[in-house]
Amino acid sequence: MLKQIALTKIKGVGAKTARALLTHCGSVDNIFEASKKQLLSIPNIGNATVESILSKNYLREAEQELAFIEKHNIEILWIEEAKYPRRLKQCEDAPLLLYYKGAADLNPHRCVSIVGTRNATAYGKRLCEELVSTLQEYNIQIVSGLAYGIDVQAHRLALKHNIPTIGVLGHGLDRIYPFAHRDIASRMLEEGGLLTEYPSSTIPDRNNFPARNRIIAGLADVTIVVEAAKKGGALITAEIANSYNRDVCAFPGGIDQEYSAGCNYLIKTHRAHLIRHANDLIYLMGWERPKPKPEVLQLPLLTNSLSKDEQRVYNFLYEKEQARVDEIALYLDWPTSKLAMILLEMEMNGILLSLPGKTYKIL
């Protein structure tokens with residue numbers, strides 16, 4: 001993993017530039033073995049960036065980081081690996097490398113991000129309590145940013161109701177910010193985890209948090225804004241989730257309430273679905289309570305001759321009974337364009353039935 005870490009430490013190479021390098025060179029090894037002429041032939045890669053790559057000055061930093069990771073049992077998640085969060089991988093600006101410590105799977109069946117103001121009111125806390133307690137039955141994971149207010153409330157309630165919860169940090173794993181949340185962060189390592197794109201020694205600089213918010217949005221099927229003012233990180237997260245074509249929901253509030261102004265704005269401008277309680281979210285997402293799986297799953301014989309791809313869709317829907325398009329795409333790790341064509345073909349052949357909310361089931 002030394003070269004993967006090194007790639008993230010090259011001056012002038014962000015996530016998009018690194019992806020371009022990988023695409024054109026084919027592998028991390030090839031990037032570091034490429035000549036100056038080869039690197040300069042890559043679109044949008046300038047001379048300054050090429051000089052940074054060829055200098056190799058970043059290798060010592062990478063070695064130090066690897067030593068820290070090994071000492072503290074931190075897991076490195078590279079974007080090409082199966083353990084990398086598949087929802088996040090679909091986002092074009094996803095980090096190439098993540099640092100993770102915890103027990104939870106980062107590819108859960110269902111995942112929601114819960115965000116909001118740092119100045120949570122009694123109203124917001126009550127909404128959060130009802131939401132999380134109801135979602136306990138739906139086999140979900142809860143993601144937030146470990147900040148004051150709604151974020152830490154979501155983490156606390158997740159732990160209370162035995163729901164895995166992931167805190168996405170805007171700094172390295174050598175510290176916890178805010179320091180007051182170190183105890184809950186420690187508990188989260190046992191029931192969930194802590195995740196960051198930032199290496200050790202990265203301080204919680206204010207510029208890191210908007211970037212951190214894209215990971216919160218990218219990890220989840222749906223982002224829920226509980227309380228938010230007109231400006232702040234929660235609205236940034238909601239905007240990013242919309243840009244990823246993920247669902248966004250918001251709780252409405254009084255027209256004169258400062259910390260409902262952001263939620264009301266999202267709803268008014270059709271940037272978020274209005275929800276009043278957890279059941280509205282469950283209806284919107286088309287979720288059903290998990291059913292016990294039979295010990296042996298035997299698929300019925302089909303009279304239709306299915307292609308290999310169609311059979312994979314059929315097998316998934318047979319086990320699930322019904323599922324939304326985004327759930328199917330995430331499970332199969334397919335682009336939605338490919339899946340849409342296969343679903344249409346199967347529907348026309350009388351194999352699937354299309355239901356409201358972009359949901360499909362087997363006939």
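Start at 1 with the first residue, then count along the sequence. It should be emphasised that the depicted structure is a prediction, and the values quoted were computed from it without experimental measurement.
- Residues in residues 225-236 take part in no salt bridge (charged side-chain N to carboxylate O under 4.0 Å, His left out) pair, two or more places apart or across chains.
- Gln311 and Asn315 share a side-chain donor-acceptor pair at under 3.5 Å.
- Residues meeting the side-chain contact (heavy atoms from CB on, under 4.5 Å) test with Glu51, sequence neighbours left out: Lys36, Asn47.
- Electrostatic pairing of Arg214 and Glu197 counts as a salt bridge here, judged by a charged N lying under 4.0 Å from a carboxylate O.
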Between Asn245 and Asp326, does a side chain to side chain contact (heavy atoms under 4.5 Å, CB included) hold up when you go through it step by step? CA-CA 10 Å; Asn245 292 314; Asp326 54 354; over 6 Å; no

Review item, side-chain donor-acceptor pairs of residues 25-34, under 3.5 Å, at least two apart:
residue, atom, partner, partner atom, Å
Ser27, OG, Asn30, N, 3.1
Ser27, OG, Asn30, ND2, 3.3
Asp29, OD1, Lys3, NZ, 3.1
Asn30, ND2, Cys25, O, 2.8

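- With sequence neighbours excluded, the residues that form a side-chain contact (heavy atoms from CB on, under 4.5 Å) with Ser35 are Lys37, Gln38.
- Using a cutoff of 4.0 Å between basic side-chain nitrogens and carboxylate oxygens, Glu327 and Lys320 are scored as salt-bridged.
- Residue pairs meeting the side chain to side chain donor-acceptor pair (under 3.5 Å) criterion with at least one member in residues 156-169, sequence neighbours excluded, are Glu129-Lys160, Glu129-His161, His155-Thr165.
- Salt bridge annotation for Asp247-Arg324: present, with a cationic side-chain nitrogen under 4.0 angstrom from a carboxylate oxygen.
- Only one option out of Lys9, Glu61, Gln64 pairs with Pro199 in a side chain to side chain contact (heavy atoms under 4.5 Å, CB included); it is Lys9.
- Identified under the salt bridge (charged side-chain N to carboxylate O under 4.0 Å, His left out) test for residues 330-358, with sequence neighbours left out: Asp309-Lys338.
- Judged as a ring pair (Phe, Tyr, Trp, His ring centres under 6.0 Å), not a single pair has a partner in residues 225-271 (not counting sequence neighbours).
- The ring pair (Phe, Tyr, Trp, His ring centres under 6.0 Å) test applied to Phe316 returns Tyr331, not counting sequence neighbours.
- Applying the ring pair (Phe, Tyr, Trp, His ring centres under 6.0 Å) criterion to Tyr148, with sequence neighbours excluded, gives His181.
- A side chain to side chain contact (heavy atoms under 4.5 Å, CB included) with Ile140 holds for exactly one of Val132, Val222, Val112; it is Val112.
- With respect to the salt-bridge test (charged N to carboxylate O, under 4.0 angstrom), the residues Asp221 and Arg246 do not qualify.
- A search for ring pair (Phe, Tyr, Trp, His ring centres under 6.0 Å) contacts involving Phe209 returns nothing, not counting sequence neighbours.
- For Asp174 (side chain) and Ser201 (main-chain N/O), a donor-acceptor pair under 3.5 Å exists by modelled atom type.
- Side-chain contact annotation: Asp151 with Ser144, donor-acceptor N/O pair under 3.5 Å present.
- Under the 6.0 Å distance and 45° angle rule, Arg126 does not count as a cation-pi partner of Tyr123.
- Scored by the ring pair (Phe, Tyr, Trp, His ring centres under 6.0 Å) test, His171 finds no partners at all (sequence neighbours excluded).
- When the side-chain contact (heavy atoms from CB on, under 4.5 Å) test is applied to Ile216, the partners found at least two apart in sequence or on another chain are Ser113, Val115, Val143, Val168, Arg212, Asn213, Thr237.
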